[in-house]
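Notes follow the structure.
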Amino acid sequence: MEIGQFYIDGTWVDPVAPEWMAMINPATEEEFGRLALGSAADIDRAVTAARAALPAFSTTSPADRAAMMRRIIAEFDARAEEFAQATTLEMGSPISFSRTGQVTRGPAHLGKTLEVLERFEFDRSFGPSRLRYESVGVCGLITPWNWPVNQVVVKVAPALAAGCTMVLKPSEYSPVTARLFAEVMDAAGVPPGVFNLVFGRGETAGARLSEHPDVDAVSFTGSTRAGVEIARAAAPTVKRVSQELGGKTANVILPDADLDAAVRKGVAVCFANSGQSCAAPTRMLVPADRLEEACAAAAEAAEALRVGDPGDDATELGPVVNRAQFDRIQSLIRIGIGEGARLVTGGEGRPDGFNRGYYVRPTVFAGVTPDMTIARTEIFGPVLCILSYETEDEAVEIANDTPYGLSAHIQTGDPAAAVALADRLVAGAIYFNYPPFDFGAPFGGRKQSGNGREWGEFGLMEYLEAKSLIGDLG
């Protein structure tokens, strides 16, 4: 397989001066193709196309944009299995999870955005004045590899709904799904220049997109370190920057919860997608007098996970995305052991029976203290830290003792206690008793987890500018 072109101004074009990168199957460590990476010159071409398309597209009616969204949904649905196979190939997601967990988020977010678009008032009364919401302009969208469909759609869909034009720079580790998405956009009849796709590295293509004077807004999902660099690059042009960055989510299990069920479900949620989720509940807080009970349940749950070939429908845990990620996780496991955390199950190396592939042993640590590296660092792998607390005040202190503030979980049978505790946690979203996803609820973080919100109406608002019309308008 060769991905050697970019989608710019409605056509597939060759890069100006491509750098070629091998695409590696994380389950086998074998090359399955090569990808052309672009440069600042390719970003410049794409931004020029987006800027030229903006005047016409930004003035289209919400009804026309809604019709376009329905066409995109239909085209996406027709190719859902291709998206699932691509996700499994490029990032090692188990095929059953690719189908039901990864790819289904595309139409879910598209459908929710369509629902918001059809009822949103772009022109409304505001006291004695009027308020109009207009497209923010040309948007640079920079997405990660861990949820390749989800992260693209939660940026592209609201940008389109708002009347923006855009340049998408997806991760170089998830190019197959990104190319498929560009094909969907083309088949759905999105006007030339409205959606543009350029592959490239963050330090070249991503940096140019962030600093470009003709880009009005940048939306980025990824590491806090990269987010800081993007904000710096964008600062001289004073463009809007929205960021969804790292996380170190606390999962507070209160004394009245069904501990065994809460722990087992917590392990499953933490290890979903091989732990490669910014909102994964990686810090489990349990009452001190039930620590050993929690450890036993967590070990059983982790050891019961079926690790294997991601192409097998029965596999629950596949490899992590690449060698760099594998090596980083192994290093952090070693650091956890070296700093005195108790290894409950798992540990260094591949699971038994695997001599290749970026497979990580499902790992649970106990005796973890808030100052340990594994309690403070986003590991981004199937590694759970169990911490204990004596009082609810201590649990709150531990949960908030992190540079991140993306999300938190609370397990309890007492709704009033849950809300009271949620009010004390510094996080953008609080999940009670492992609920189903609400695709209309705003998603985003506080502190070093970023700024801005995605999903639903709040996601649409990120791509709109408010204009006040003040005075006697008759």
Between the side chains of [X] and [Y], does any donor sit under 3.5 Å from an acceptor?
X: T88; Y: S93; result: no
X: S219; Y: K155; result: yes
X: Q5; Y: D14; result: yes

Look at [X] together with [Y] and state whether they make a salt bridge at an N to O cut-off of under 4.0 Å.
X: R453; Y: E244; result: no
X: R208; Y: D42; result: no
X: E300; Y: R264; result: yes
X: R240; Y: E462; result: no

Looking at every non-hydrogen atom in both residues, tell me the closest pair between [X] and [Y] and how far apart they are.
X: A50; Y: V167; value: CB-CG2, 4.3 Å
X: A422; Y: F432; value: CB-CZ, 3.9 Å
X: A299; Y: V344; value: CB-CG1, 3.7 Å
X: K169; Y: L209; value: CB-CD2, 4.2 Å
X: L406; Y: G247; value: CB-CA, 4.3 Å
X: R34; Y: E2; value: NE-OE1, 2.8 Å

Between atom [atom1] of [X] and atom [atom2] of [Y], what is the distance when rounded to the nearest 0.5 Å?
X: S274; Y: L317; atom1: OG; atom2: CG; answer: 4.0 Å
X: R45; Y: I43; atom1: CZ; atom2: CD1; answer: 10.5 Å
X: F443; Y: T221; atom1: CZ; atom2: OG1; answer: 8.5 Å
X: L332; Y: M372; atom1: CG; atom2: CE; answer: 13.5 Å
X: I379; Y: F365; atom1: CD1; atom2: CZ; answer: 7.5 Å
X: L259; Y: L291; atom1: CG; atom2: CG; answer: 9.5 Å

Can you find a heavy atom in the side chain of [X] that is under 4.5 Å from one in the side chain of [Y]?
X: F6; Y: W12; result: no
X: T315; Y: I95; result: no
X: T87; Y: V103; result: yes
X: F32; Y: L89; result: yes
X: R290; Y: I253; result: no
X: Y359; Y: P310; result: yes
X: R79; Y: V184; result: yes
X: V383; Y: T282; result: no

Please walk me through it: do M91 and N273 pass side chain to side chain contact (heavy atoms under 4.5 Å, CB included)?
CA-CA 10 Å; M91 65 165 293; N273 204 34; 3.5 Å; yes
Are the side chain of [X] and the backbone of [Y] linked by a donor-acceptor contact shorter than 3.5 Å?
X: Q330; Y: G349; result: yes
X: N196; Y: A49; result: no
X: Q276; Y: V321; result: yes
X: K447; Y: A427; result: no
X: N251; Y: I410; result: no
X: S449; Y: G246; result: yes
X: E211; Y: A233; result: no
X: R306; Y: A314; result: yes
X: T249; Y: P281; result: no
X: T363; Y: R361; result: yes

Counting only heavy atoms not in E293, do more than 12 fall under 6.0 Å of its CD?
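Yes - once you tally the heavy atoms of other residues, nucleotides and ligands closer than 6.0 Å, there are more than 12.
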Which residues satisfy the ring pair (Phe, Tyr, Trp, His ring centres under 6.0 Å) test with F76, sequence neighbours excluded?
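Here the qualifying residues are F83.
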What about the rings of W147 and F97, do their centers lie closer together than 6.0 Å?
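That pair passes the under 6.0 Å test.
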Does the salt bridge (Lys or Arg N to Asp or Glu O under 4.0 Å) test come out yes or no for D260 and K265, once each step is laid out?
CA-CA 9 Å; D260 186 76; K265 181 66 172 177; over 6 Å; no
Could you walk me through whether M166 and V138 pass side chain to side chain contact (heavy atoms under 4.5 Å, CB included), step by step?
CA-CA 5 Å; M166 67 212 68; V138 175; over 6 Å; no
For D214, which residues count as a salt bridge (charged side-chain N to carboxylate O under 4.0 Å, His left out) partner, sequence neighbours excluded?
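So D214 forms no salt bridge (charged side-chain N to carboxylate O under 4.0 Å, His left out) with any residue.
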Given side chain to side chain contact (heavy atoms under 4.5 Å, CB included), test V190 with D186 step by step and report yes or no.
CA-CA 6 Å; V190 175; D186 186 74; over 6 Å; no
Yes or no on side-chain hydrogen bond (donor to acceptor under 3.5 Å, both in side chains) for D258 and Q411, after CA distance, side-chain angles and deciding distance?
CA-CA 8 Å; D258 180 336; Q411 316 308 323; over 6 Å; no
Could you give all pairs that pass the side-chain hydrogen bond (donor to acceptor under 3.5 Å, both in side chains) test and reach residues 376-392, with sequence neighbours left out?
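Every pair satisfying side-chain hydrogen bond (donor to acceptor under 3.5 Å, both in side chains) with a residue in residues 376-392: R376-D401.
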Under the side-chain hydrogen bond (donor to acceptor under 3.5 Å, both in side chains) rule, what pairs show up with a residue in residues 336-353, not counting sequence neighbours?
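Qualifying pairs: E29-R350, E292-R342, E303-T345, R334-E348, E339-T373.
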Check step by step if side chain to side chain contact (heavy atoms under 4.5 Å, CB included) holds for I230 and V218.
CA-CA 9 Å; I230 285 170; V218 174; 4.0 Å; yes
Check side chain to side chain contact (heavy atoms under 4.5 Å, CB included) between F437 and all other residues, then give those that pass, not counting sequence neighbours.
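By the side chain to side chain contact (heavy atoms under 4.5 Å, CB included) rule, F437 matches R105, F439, W455.
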Test side chain to side chain contact (heavy atoms under 4.5 Å, CB included) applied to S171 - qualifying residues, sequence neighbours left out:
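Counting only residues at least two positions away or on another chain, S171 forms a side chain to side chain contact (heavy atoms under 4.5 Å, CB included) with W145, Y173, S174.
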